[in-house]
Enquirer: 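Next up is a structure, given as structure tokens.
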Amino acid sequence: CTIMKEIVVCDVEITTFSGGMRSHVSVRGSFKEEKDGFTVSYLQDGDMVRLIAHGQTLRMVRNGETSLTMTFAENMTGAMELRMGENIGIVPIETERCRINAVRDGWRLALRYRLHYTQECQIFHGNIAVKFISEEQ
């Protein structure tokens with residue numbers, strides 16, 4: 001396994017399923033290997049998003065007009081934090097699955113989690129593919 005210390009261009013594909021609906025995002029990003037993990041950065045709808053993986057834990061941080069932070073670790077209960085100006089909202093999040101695996105051309109991440117809005121609970125399934133761009137492309 002080669003340790004990459006430099007920033008590498010990558011494609012990021014995120015597919016999310018919830019309540020019978022599917023969303024798909026495909027963007028160009030940058031990948032940097034870190035101690036025990038990696039960071040992927042990309043722009044989505046004008047906001048900077050970072051996916052920070054360490055071992056089998058994933059943290060997603062989105063900075064913009066509305067900021068969002070979510071941390072996923074298998075069988076962990078935590079919170080999704082939303083910030084809009086001075087206002088902060090907390091939504092409990094329960095992660096059932098968080099699998100982070102290296103593959104030949106990048107990384108694959110599989111998520112299953114529940115967001116607990118007041119009395120309502122919404123289940124999400126997410127698949128994230130981080131694919132390194134070859135120099136020929």
Enquirer: Between F38 and F31, is a ring pair (Phe, Tyr, Trp, His ring centres under 6.0 Å) present by the stated rule, with each step listed?
Expert: CA-CA 7 Å; F38 59 87; F31 174 95; 5.1 Å; yes

Enquirer: Is there a side-chain contact (heavy atoms from CB on, under 4.5 Å) between R28 and I133? Walk through the geometry before answering.
Expert: CA-CA 9 Å; R28 182 72 34 110; I133 306 297; 3.9 Å; yes

Enquirer: Is there side-chain contact between L68 and M60, with at least one heavy-atom pair below 4.5 Å?
Expert: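 They are in contact (side-chain heavy atoms under 4.5 Å apart), so the answer is yes.
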
Enquirer: Nearest heavy-atom pair of E74 and C98: which atoms, and what distance?
Expert: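 Nearest heavy atoms, E74 then C98: OE1-N, 3.1 Å.
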
Enquirer: I'd like to know whether M70 forms a side-chain contact (heavy atoms from CB on, under 4.5 Å) with V91, so could you lay out the CA-CA distance, the side-chain angles of the two residues, the decisive distance to 0.1 Å, and finally the verdict.
Expert: CA-CA 10 Å; M70 299 171 80; V91 178; over 6 Å; no

Enquirer: Indicate yes or no: at least one non-hydrogen side-chain atom of E13 is less than 4.5 angstrom from one of N127.
Expert: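 No, every pair of side-chain atoms sits at 4.5 Å or beyond.
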
Enquirer: Looking at R108 and D105, does any basic side-chain N land under 4.0 Å from a carboxylate oxygen?
Expert: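 The answer is yes: the pair qualifies as a salt bridge.
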
Enquirer: With hydrophobic residues grouped by side-chain heavy-atom distances under 4.5 Å, do L51 and V27 end up in a single group?
Expert: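 Cluster IDs for L51 and V27 match.
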
Enquirer: Can I128 be reached from V25 by stepping across I, L, V, M, F, W or Y side chains whose heavy atoms are under 4.5 Å apart?
Expert: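 In one cluster: yes.
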
Enquirer: Does E96 form a salt bridge (Lys or Arg N to Asp or Glu O under 4.0 Å) with R114? I'd like the steps, not just the answer.
Expert: CA-CA 8 Å; E96 295 175 12; R114 297 171 189 267; 2.4 Å; yes

Enquirer: For residues V40 and C10, determine if any side-chain heavy atom of one lies less than 4.5 Å from a side-chain heavy atom of the other.
Expert: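 The answer is yes, as the side chains (C-beta and beyond) meet within the 4.5 Å cut-off.
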
Enquirer: Do you reckon F72 sits in the same ILVMFWY cluster as F17, going by side-chain contacts under 4.5 Å, direct or chained?
Expert: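 No, F72 does not connect to F17 through the hydrophobic network.
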
Enquirer: Which atoms form the tightest heavy-atom contact between S26 and H24, and what is the distance?
Expert: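 Residues S26 and H24, closest heavy atoms: CB-NE2, 4.0 Å.
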
Enquirer: For A73 and T57, which heavy atoms make the closest approach, and how far apart are they?
Expert: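 Reported closest heavy-atom pair: CB-OG1, 3.8 Å.
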
Enquirer: Side chains of E81 and I88: closer than 4.5 Å at any heavy-atom pair?
Expert: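 In contact.
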
Enquirer: Shortest non-hydrogen contact from R99 to Q56?
Expert: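 Answer, listing the atom of R99 first, then Q56: CA-OE1, 3.3 Å.
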
Enquirer: Transitively linked via ILVMFWY side-chain contacts under 4.5 Å: L115 with L109?
Expert: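 L115 and L109: one cluster.
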
Enquirer: To the closest 0.5 Å, what do you measure between OG (S67) and CG (L82)?
Expert: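 Answer for the OG-CG pair, S67 versus L82, is 9.0 Å.
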
Enquirer: Linking I/L/V/M/F/W/Y whenever any side-chain heavy atoms sit under 4.5 Å apart, do I90 and M84 land together?
Expert: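 No, no single cluster joins them.
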
Enquirer: Restricting to non-hydrogen atoms, name the atom on V8 and the atom on F132 that form the minimum distance, rounded to 0.1 Å.
Expert: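 V8 and F132 have their closest heavy atoms at CG1-CD2, 4.1 Å.
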
Enquirer: Is atom CZ of R50 surrounded by more than 12 heavy atoms (other residues, nucleotides or ligands) closer than 6.0 Å?
Expert: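 Open.
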
Enquirer: Assess the residue pair L43 and V49 against the criterion (side-chain contact (heavy atoms from CB on, under 4.5 Å)); give the C-alpha distance rounded to whole Å, side-chain angles, the decisive distance to 0.1 Å, and a yes or no.
Expert: CA-CA 6 Å; L43 282 174; V49 180; over 6 Å; no

Enquirer: Taking D47 first and then R62, would you say they form a salt bridge - that is, a charged N and a carboxylate O separated by under 4.0 Å?
Expert: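 A salt bridge links D47 with R62.
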
Enquirer: Using distance alone, with no hydrogens and no angle criterion, decide if E94 and T77 have a side-chain donor and acceptor under 3.5 Å apart.
Expert: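 No, no side-chain donor-acceptor pair sits under 3.5 Å.
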
Enquirer: When you compare the side chain of H116 with that of I93, does any pair of heavy atoms fall below 4.5 Å?
Expert: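 Contact flag for I93/H116 side chains = no.
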
Enquirer: Do you know the tightest heavy-atom contact between I100 and A53?
Expert: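 It is CD1-CB, 4.0 Å.
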
Enquirer: Any chance CZ of R59 has more than 12 other-residue heavy atoms, nucleotides or ligands included, within less than 6.0 Å?
Expert: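 Counting other residues, nucleotides and ligands, CZ of R59 stays at 12 neighbours or fewer.
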
Enquirer: Could you walk me through whether F124 and L111 pass side-chain contact (heavy atoms from CB on, under 4.5 Å), step by step?
Expert: CA-CA 8 Å; F124 291 84; L111 297 169; over 6 Å; no

